[in-house]
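Below: the structure, in structure tokens.
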There are 2 protein chains.
Amino acid sequence: MREFKRRSRVLLIDDNADHLRGVKELITLESSYDVVATTTSANIGINLAKKYRPDIILMDINMPEKDGLQAIQEIEKLDMDIRVIALSGYDDADLIFRAMKIGAKGYVLKTMASAQLIYAMDEVAAGKIYLPTALTSRFFEYFQNSFKEEEKSSAEENLLTYLTAREEEVLDLLTQGNNYKSIAGKLFISETTVKTHVNNIFQKLQVNDRTQAVLYALNNGFANRRLSKIAV
Amino acid sequence: MREFKRRSRVLLIDDNADHLRGVKELITLESSYDVVATTTSANIGINLAKKYRPDIILMDINMPEKDGLQAIQEIEKLDMDIRVIALSGYDDADLIFRAMKIGAKGYVLKTMASAQLIYAMDEVAAGKIYLPTALTSRFFEYFQNSFKEEEKSSAEENLLTYLTAREEEVLDLLTQGNNYKSIAGKLFISETTVKTHVNNIFQKLQVNDRTQAVLYALNNGFANRRLSKIAV
DNA sequence: TATTTTATCAATCTAAAGATGTAAGACAAA
DNA sequence: TTTGTCTTACATCTTTAGATTGATAAAATA
């Protein structure tokens, strides 16, 4: 290996000045990291990120002024290959999920041992995504639950199962925004036949019009599912 | 602690008879687990699960006959508090994602050291969800990518931003399957006004009818997002 | 074989949706 | 003050959508 390992440049964002100082000292002790800047403001932090282009950002996500999660999202949108690790005081499943969803490369609790933080930084610096085992477990509980709820609603009774193969084809075209004429053309059948199918679909799905039919289809696992209830 | 720790009952499902025997021996050596049954067939495995009600199932998901993932899903549907750990020969991100999505409590590679498997079983037996660190990293790359694609498509140019507040209200009601009369009633305005709004919405979203408008809204981050491309 | 389901098509009718033009009052920005 | 946008509203007209009834042939099923 000819190229030696470059020291990773780190930006710290934490509204708690004391904690900020502590983390800075901790990291400075590590030979492989340079703290290029620190700030107690998320907004300033975003600007510092643009200016210094650090490799890693440690972002406190429990800040009053600006939401740390929002800041992460904005930094991710810059698409500058800056890897953000979320620092949080809480091991709340929802927080962990949202942080990982918007692109955080790690999530470390402030209460965790400093060695854990350094390890996370090492992993993230190496291009990996790191979550402590305990938090991973939390994450997955939340993750699996969000799918469980879906299944329940669709497990009740999915009226889509009553549709014939042809009706499914027609419904599929409906969910793509086609009108009668267009569907007739694509299936090589007459418009009146399409009307018959559509009417039968309405009966079976117990809806009144095509919009409701399309909505029913999308909400009940037709083609592609919805991941509802999960938004940042 | 008055109650002593009950030995966990384990069911093994693996179409590779040799591997099955090996894992069985390995687990039998552990004092805390009883192998209650083994089978090389996923279908039989499901029936054995119903019969023996094991605490844990080790399920090979790379089986030709029946898909192991499907088998996991069916077992999860039983809702019998049977915790399934997926065994796989591949650390494929998509496989890991799908296994965890449908409710697997763990995912262990066959190539991993036996100690790793036992550790996973210990964690899962204790009610946790366990993924080896390396696989967790894989999982999250896949997970985050699935959201990144969404953002791209909605970042191109979201025509929804051109809508006025009132038009958004109307569109929201459209995406709930309301007709003109219903919308007029809910917004306390006349039906003709609703028509005006709806027509303006069509212009702005560049669509021809309400179904297309609803589809555009749903596909472009209106109210709740879609997690497309990810299906089991 | 008899029966049911499915897919096809038609005619007819009503209701709803969509296109277009016009316009007045409110309100904010220039 | 003027300009522009937003919200409201109406009239008119054309086009779709949807409901209903009826019918035929093929295919699946009992």
Side-chain angles (χ1 to χ4, degrees), chain A residues 154 156-224, chain B residues 154 156-224:
Chain A
S154 63
E156 283 172 8
E157 198 199 9
N158 197 330
L159 299 175
L160 291 171
T161 58
Y162 297 131
L163 298 183
T164 68
R166 198 56 160 173
E167 286 163 356
E168 279 190 7
E169 280 185 86
V170 173
L171 180 55
D172 184 46
L173 291 171
L174 279 182
T175 62
Q176 290 168 33
N178 294 284
N179 58 17
Y180 286 137
K181 192 190 296 237
S182 168
I183 294 174
K186 286 179 180 170
L187 295 182
F188 304 107
I189 55 180
S190 85
E191 218 172 310
T192 59
T193 304
V194 178
K195 286 194 178 190
T196 307
H197 287 312
V198 170
N199 266 290
N200 290 334
I201 290 170
F202 291 166
Q203 302 302 317
K204 291 185 178 178
L205 301 187
Q206 297 166 25
V207 297
N208 304 312
D209 55 54
R210 64 180 53 205
T211 307
Q212 291 177 3
V214 165
L215 289 170
Y216 186 94
L218 295 180
N219 285 322
N220 291 83
F222 197 75
N224 34 19
Chain B
S154 62
E156 283 172 8
E157 196 202 5
N158 199 331
L159 299 176
L160 291 171
T161 58
Y162 298 131
L163 299 183
T164 67
R166 198 55 159 174
E167 284 162 358
E168 278 190 7
E169 279 186 86
V170 173
L171 180 55
D172 185 46
L173 292 170
L174 278 182
T175 61
Q176 289 168 33
N178 294 284
N179 58 17
Y180 286 137
K181 191 190 297 238
S182 169
I183 294 174
K186 286 178 180 169
L187 295 183
F188 304 107
I189 55 180
S190 86
E191 218 172 311
T192 57
T193 304
V194 178
K195 286 193 178 189
T196 306
H197 287 312
V198 170
N199 266 290
N200 290 334
I201 291 170
F202 291 167
Q203 301 304 316
K204 290 185 179 177
L205 301 188
Q206 296 166 25
V207 298
N208 303 310
D209 54 53
R210 63 180 54 206
T211 307
Q212 291 177 3
V214 166
L215 289 170
Y216 186 94
L218 294 180
N219 285 320
N220 291 85
F222 197 73
N224 35 20

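In the text below, chain A, chain B and the rest are named by the order of the sequence lines, each starting its count at 1.
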Filtered N/O pairs between nucleotides 17-20 of chain D and protein, under 3.5 Å:
unit_1 : atom_1 : unit_2 : atom_2 : d
D:dA17 : OP2    : A:Y180 : N      : 3.4
D:dG18 : OP1    : A:R210 : N      : 2.9
D:dG18 : OP2    : A:Y180 : OH     : 3.3
D:dG18 : OP2    : A:R210 : NE     : 3.0
D:dG18 : OP2    : A:R210 : NH2    : 3.3
D:dG18 : O6     : A:K195 : NZ     : 3.1
D:dA19 : OP2    : A:N199 : OD1    : 2.5

**Request:** Starting at atom CD1 of B:I201, determine the distance to atom C1' of C:dA19, rounded to an integer number of angstrom.
**Result:** 15 Å
**Asked** Below 4.0 angstrom from OP1 or OP2 of C:dA10, is there any side-chain N or O of A:S190?
**Response** yes
**Message:** Tell me the interatomic distance from B:F188, atom CZ, to D:dA9, atom C1', rounded to whole angstroms.
**Reply:** 18 Å
**Asked** Do the side chain of B:N178 and the main chain of B:I183 share a donor and acceptor less than 3.5 angstrom apart?
**Response** no
**Asked** Quick one: does B:T161's side chain have a donor or acceptor within less than 3.5 Å of a partner on B:N158's backbone?
**Response** yes
**Asked** Are the side chain of B:K204 and the backbone of B:Y162 linked by a donor-acceptor contact shorter than 3.5 Å?
**Response** yes
**Item:** A:D172 backbone acceptor or donor facing A:T175 side chain under 3.5 Å
**Value:** yes
**Prompt:** What is the distance from CD1 of A:I183 to C1' of D:dT16, rounded to the nearest Å?
**Reply:** 12 Å
Report, one pair per line, the protein and nucleotides 3-7 of chain C atoms (nitrogen or oxygen only) whose separation is under 3.5 Å.
unit_1 : atom_1 : unit_2 : atom_2 : d
C:dA7  : OP1    : A:R166 : N      : 3.2
C:dA7  : OP2    : A:T164 : OG1    : 2.5

**Message:** Please report the distance, rounded to the nearest Å, between CD in B:Q212 and P in C:dG18.
**Reply:** 10 Å
**Request:** Give a yes or no answer on whether the side chain of B:Y180 reaches the backbone of B:T193 with a donor-acceptor pair at less than 3.5 Å.
**Result:** no
**Message:** Distance to the ring centre below 6.0 angstrom and angle to the axis at most 45 degrees; does that hold for A:R210 and A:F202?
**Reply:** no
**Reported CD-to-CD distance for the pair B:Q212 and A:Q176, which is rounded to 0.5 angstrom** = 11.0 Å
**Asked** So, is B:T192 near the phosphate of D:dC10, with a side-chain N or O under 4.0 Å from OP1 or OP2?
**Response** yes
**Message:** Testing B:I201, B:N200, B:T164 one by one against B:V170 for a side chain to side chain contact (heavy atoms under 4.5 Å, CB included), which residue passes?
**Reply:** B:I201
